[in-house]
Amino acid sequence: MAKGFGGMGGMNMNMIKQAQKMQQDMQKMQAELEEKEYSAQAGGGMITAVVTGKRELKELTIHPEAVDPEDVEMLQDMITAAVNEALRAAETDMAGSMQQLTGGMGLPF
């Protein structure tokens, strides 16, 4: 009976080691993704937003031609669109990287 436990324990240890390696790989990948930058433009390039993998706005460039005091709402919409698109690019990259790492196991990340 003890022999059966040893075989089972070996299998469990192997699974634990694999899980630990996956966790380490995921932490490393997450750190790398957090350092990456993602950019997007709106208004035909009049607005450029750069975000980090930490989902932080790092840079916002507004060309002077985009600033119309008579239409501040359009400027706000372009800024929102650029920032949201950059954030979507970051999310898509992160999700794809995590899926590649987990092999499509459907883990909630």
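Only this structure's heavy atoms are used, side chains among them; waters, hydrogens and symmetry mates stay out. Treat the numbers as computed from the prediction; the structure is a model and nothing was measured.
You'll find the side chain of Lys36 reaches within 4.5 Å of the side chain of Asp93, heavy atoms only. For the pair Asp68/Leu75, no side-chain contact is recorded, criterion being any heavy-atom separation below 4.5 Å from C-beta on. Side chains of Thr80 and Met78 form no contact here, defined as non-hydrogen atoms less than 4.5 Å apart. Looking only at side-chain heavy atoms (C-beta outward), Glu35 and Gln30 stay at 4.5 Å or farther from each other. Residues Leu57 and Val83 have side chains in contact (heavy-atom distance under 4.5 Å, counting atoms from C-beta outward). Between Ile62 and Leu60, the closest side-chain pair of non-hydrogen atoms falls below 4.5 Å. Counting only heavy atoms from C-beta outward, the side chains of Val50 and Tyr38 never approach each other to under 4.5 Å.
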Derivation and outcome, side chain to side chain contact (heavy atoms under 4.5 Å, CB included), residues Thr61 and Glu59: CA-CA 7 Å; Thr61 304; Glu59 183 180 322; 3.4 Å; yes

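Within 6.0 Å of CD on Glu65 lie more than 12 heavy atoms contributed by other residues, nucleotides or ligands.
Expressed to the nearest 0.5 Å, how far NZ of Lys21 lies from CD of Gln18 amounts to 10.0 Å. How far NE2 of His63 is from OG1 of Thr48: 5.5 Å, rounded to the nearest 0.5 Å. Atoms CD1 and CG, from Ile79 and Asn84 in turn, are 11.5 Å apart once rounded to the nearest 0.5 Å. Taking NZ of Lys28 as the reference point, atom CD of Gln23 lies at 15.0 Å (rounded to 0.5 Å). Annotation: the span from Lys58 atom NZ to Ser39 atom OG amounts to 11.5 Å, rounded to 0.5 Å. Note that the CG atom of Asp25 and the CD atom of Gln27 stand 9.5 Å from one another [nearest 0.5 Å].
Residues Arg55 and Leu87 come closest through the heavy atom pair CA-CD2, 3.9 Å. Closest non-hydrogen pair, Ala49 versus Ala86, comes out as O-CB, 3.9 Å. Scanning both residues, Ala40 and Ala82, for their nearest heavy atoms gives CB-O, 3.5 Å.
For Arg88 and Glu91, the salt-bridge test fails: no basic side-chain N is under 4.0 Å from an acidic carboxylate O.
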